[in-house]
There are 2 protein chains.
Amino acid sequence: MIPGAMKKHQDLLAFLRSQKMRVTPPRRLLLQFILDHSNRRLSIREIQEFMGAQLRKADRSSVYRNLETFERLGIIQSLSFPGEGRRYQYVFDRKVRHFYICRSCGKANRGDERLFRRVEAALKDIHGFAKANLSVVFYGACSKCRKNSPTA
Amino acid sequence: MIPGAMKKHQDLLAFLRSQKMRVTPPRRLLLQFILDHSNRRLSIREIQEFMGAQLRKADRSSVYRNLETFERLGIIQSLSFPGEGRRYQYVFDRKVRHFYICRSCGKANRGDERLFRRVEAALKDIHGFAKANLSVVFYGACSKCRKNSPTA
DNA sequence: GCAGTTATTGCGACTTGTTGCAATAAGTTG
DNA sequence: CAACTTATTGCAACAAGTCGCAATAACTGC
């Protein structure tokens with residue numbers, strides 16, 4: 001387990017409770033699994049397999065519902081990557097929460113903090129949308145794909 | 001039909017050919033349908049129903065494959081909206097191609113051009129990602145939801 | 001316009017994701 | 001800590017989306 005993960009886990013449980021959400025076995029487990037793999041984009045398959053194996057059978061629908069809940073709370077961000085389906089990633093206390101996805105090859109990159117700050121700053125002009133827990137996704141063409149097919 | 005849509009349709013077919021893609025009946029039809037409803041976010045159900053009704057039975061998988069193709073080429077952008085599932089929207093020659101999605105209530109807004117330009121400008125600093133055909137999606141909390149639940 | 005090449009289609013089987021509902025258990029109150 | 005309230009679960013049926021493969025039909029060049 002990543003050092004400090006235990007603390008984060010407790011923090012997130014507290015956060016859930018502060019949002020009037022109940023802390024249930026499936027939620028504890030799912031949260032722990034996401035935290036233990038916070039550096040990766042998780043596929044639904046590995047999540048479901050883990051949940052099914054750990055719990056005496058966590059139902060598919062509960063897992064989906066909780067992923068949706070966590071996303072709504074800004075704990076994770078789900079994204080569809082061309083070629084590898086939907087992925088779930090921990091973002092809660094991340095400084096940088098934006099992604100570049102190449103529409104052509106499906107490769108994704110995490111952005112750098114400087115750009116994220118600039119985008120946040122640009123958003124200051126837009127009223128009605130919160131900067132807190134903001135995620136930004138860019139869809140475009142990476143340099144490699146643009147080279148191969150200049151029109152794209 | 002929207003005035004000028006016919007021209008756009010021809011343009012897009014030409015664009016497809018320029019990309020070495022073949023122009024088939026399902027593609028013509030799907031493209032036309034998307035163009036005729038370019039001001040809305042289409043659900044997969046209405047797309048499939050239309051395709052199935054028009055063609056002597058356009059297969060589900062072909063529709064999905066073509067939607068994916070069109071998205072890769074930057075003709076449409078698909079997005080998952082909480083509460084209403086995945087939606088498909090025409091973006092090809094749009095000046096503004098970014099969306100604000102509220103994680104809490106699922107409401108979405110189109111952004112204004114000024115912000116889009118600023119984000120594009122910020123992207124100039126990032127090498128390796130094309131500005132052409134860029135789409136940007138913001139996930140956050142709208143003012144209304146933020147008011148109801150300040151922590152979000 | 002015909003033959004050849006190969007992208008695209010349709011099909012079937014499968015995986016992923018959603019929804020309504022009754023049963024359960026988390027949190028709360030006295 | 002027992003009773004209460006209601007969010008969450010598991011289940012089952014369904015809808016949405018994916019994949020491999022053989023058949024088809026767009027495009028190319030002659």
Side-chain angles (χ1 to χ4, degrees), chain A residues 10 12-31 41-73 75-76 78-88 104 106 149, chain B residues 12-31 41-73 75-88 104 106 149:
Chain A
Q10 294 304 326
L12 283 171
L13 295 183
F15 175 65
L16 281 185
R17 274 189 256 257
S18 79
Q19 299 296 307
K20 303 284 175 234
M21 319 241 71
R22 293 182 181 176
V23 173
T24 65
R27 282 190 180 155
R28 275 176 198 281
L29 199 59
L30 180 56
L31 215 42
R41 297 190 285 268
L42 298 167
S43 71
I44 190 60
R45 166 161 289 186
E46 52 192 332
I47 294 173
Q48 294 283 14
E49 274 174 4
F50 173 80
M51 294 295 285
Q54 296 300 307
L55 239 45
R56 63 194 136 177
K57 203 71 182 164
D59 192 72
R60 204 167 56 260
S61 62
S62 294
V63 175
Y64 280 115
R65 278 190 278 233
N66 280 324
L67 286 171
E68 192 187 324
T69 298
F70 291 172
E71 181 158 13
R72 182 165 43 79
L73 295 176
I75 296 175
I76 63 172
S78 81
L79 291 173
S80 285
F81 294 95
E84 48 174 327
R86 200 157 150 197
R87 297 274 169 161
Y88 302 84
S104 195
S149 156
Chain B
L12 282 170
L13 295 184
F15 174 65
L16 281 185
R17 274 190 257 259
S18 79
Q19 298 298 306
K20 304 284 175 236
M21 320 240 71
R22 295 181 180 176
V23 172
T24 65
R27 281 190 181 155
R28 276 176 198 281
L29 199 59
L30 180 56
L31 215 43
R41 297 190 286 267
L42 298 167
S43 71
I44 190 61
R45 165 162 288 185
E46 50 191 334
I47 294 173
Q48 294 283 11
E49 274 173 5
F50 172 80
M51 294 296 285
Q54 297 300 308
L55 239 45
R56 63 194 135 180
K57 203 74 182 163
D59 193 72
R60 203 166 57 260
S61 62
S62 293
V63 175
Y64 278 116
R65 277 189 280 232
N66 280 324
L67 286 171
E68 191 188 323
T69 299
F70 292 172
E71 180 156 14
R72 183 165 43 79
L73 296 175
I75 296 175
I76 62 171
Q77 178 69 53
S78 82
L79 289 173
S80 286
F81 295 95
E84 47 175 327
R86 199 158 151 196
R87 297 273 168 161
Y88 302 85
S104 196
S149 157

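Remember, it's a predicted structure, so these values are computed and weren't measured experimentally.
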Taking the side chain of [X] as heavy atoms from C-beta outward, which of [options] is closest to it?
{"X": "B:Thr24", "options": "C:dT15, C:dT8, C:dG17", "result": "C:dT8"}
{"X": "B:Met21", "options": "C:dT8, C:dG10, C:dA26", "result": "C:dT8"}
{"X": "A:Arg86", "options": "C:dC11, C:dG17, D:dA25", "result": "C:dG17"}
{"X": "B:Tyr88", "options": "C:dG17, D:dG17, C:dC11", "result": "D:dG17"}
{"X": "A:Arg60", "options": "D:dG10, C:dT18, D:dA25", "result": "C:dT18"}

Answer whether the closest heavy-atom distance between the side chains of B:Ile44 and B:Leu67 falls below 4.5 Å. yes
With side chains defined as the heavy atoms from C-beta onward, is the minimum distance between A:Leu13 and A:Gln10 less than 4.5 Å? yes
Sugar-phosphate, base or nothing in reach of A:Arg45, heavy atoms under 4.0 Å: sugar-phosphate
Which part of the nucleic acid, if any, lies within contact of A:Arg27, taking any heavy atom under 4.0 Å across all strands shown: a base, the sugar-phosphate backbone alone, or nothing? sugar-phosphate
To the nearest Å, give me how far apart [atom1] ([X]) and [atom2] ([N]) are.
{"X": "A:Glu84", "N": "D:dC19", "atom1": "CD", "atom2": "P", "result": "11 Å"}
{"X": "A:Asn66", "N": "C:dT18", "atom1": "CG", "atom2": "P", "result": "13 Å"}
{"X": "A:Asp59", "N": "D:dC14", "atom1": "CG", "atom2": "P", "result": "17 Å"}
{"X": "A:Leu13", "N": "C:dA26", "atom1": "CG", "atom2": "C1'", "result": "13 Å"}
{"X": "A:Leu29", "N": "D:dT8", "atom1": "CG", "atom2": "P", "result": "17 Å"}
{"X": "A:Leu42", "N": "C:dT16", "atom1": "CG", "atom2": "C1'", "result": "16 Å"}
{"X": "B:Gln48", "N": "D:dT18", "atom1": "CD", "atom2": "P", "result": "11 Å"}
{"X": "B:Arg72", "N": "C:dT8", "atom1": "CZ", "atom2": "C1'", "result": "13 Å"}

Using a cut-off of less than 4.0 Å, is there contact between a side-chain N or O of A:Tyr64 and OP1 or OP2 of C:dG17? yes
Using a cut-off of strictly less than 4.0 Å, decide whether B:Ser62 has a side-chain nitrogen or oxygen near OP1 or OP2 of C:dT8. no
What are the two closest non-hydrogen atoms of [X] and [Y], and how far apart are they?
{"X": "B:Tyr64", "Y": "B:Gln48", "answer": "CE1-NE2, 3.5 Å"}
{"X": "A:Ala58", "Y": "A:Met51", "answer": "CB-O, 3.8 Å"}
{"X": "A:Glu46", "Y": "A:Arg41", "answer": "OE2-O, 4.1 Å"}

Quick one: on DNA chain C, does B:Gly85 or B:Ser61 contact a more 5' nucleotide (nearest heavy atom)? B:Ser61
Check whether the side chain of B:Arg65 and the base of D:dG17 form a donor-acceptor pair under 3.5 Å. no
Give a yes or no on whether a donor-acceptor pair under 3.5 Å exists between the nucleobase atoms of C:dG27, that is its base, and the side chain of A:Arg17. no
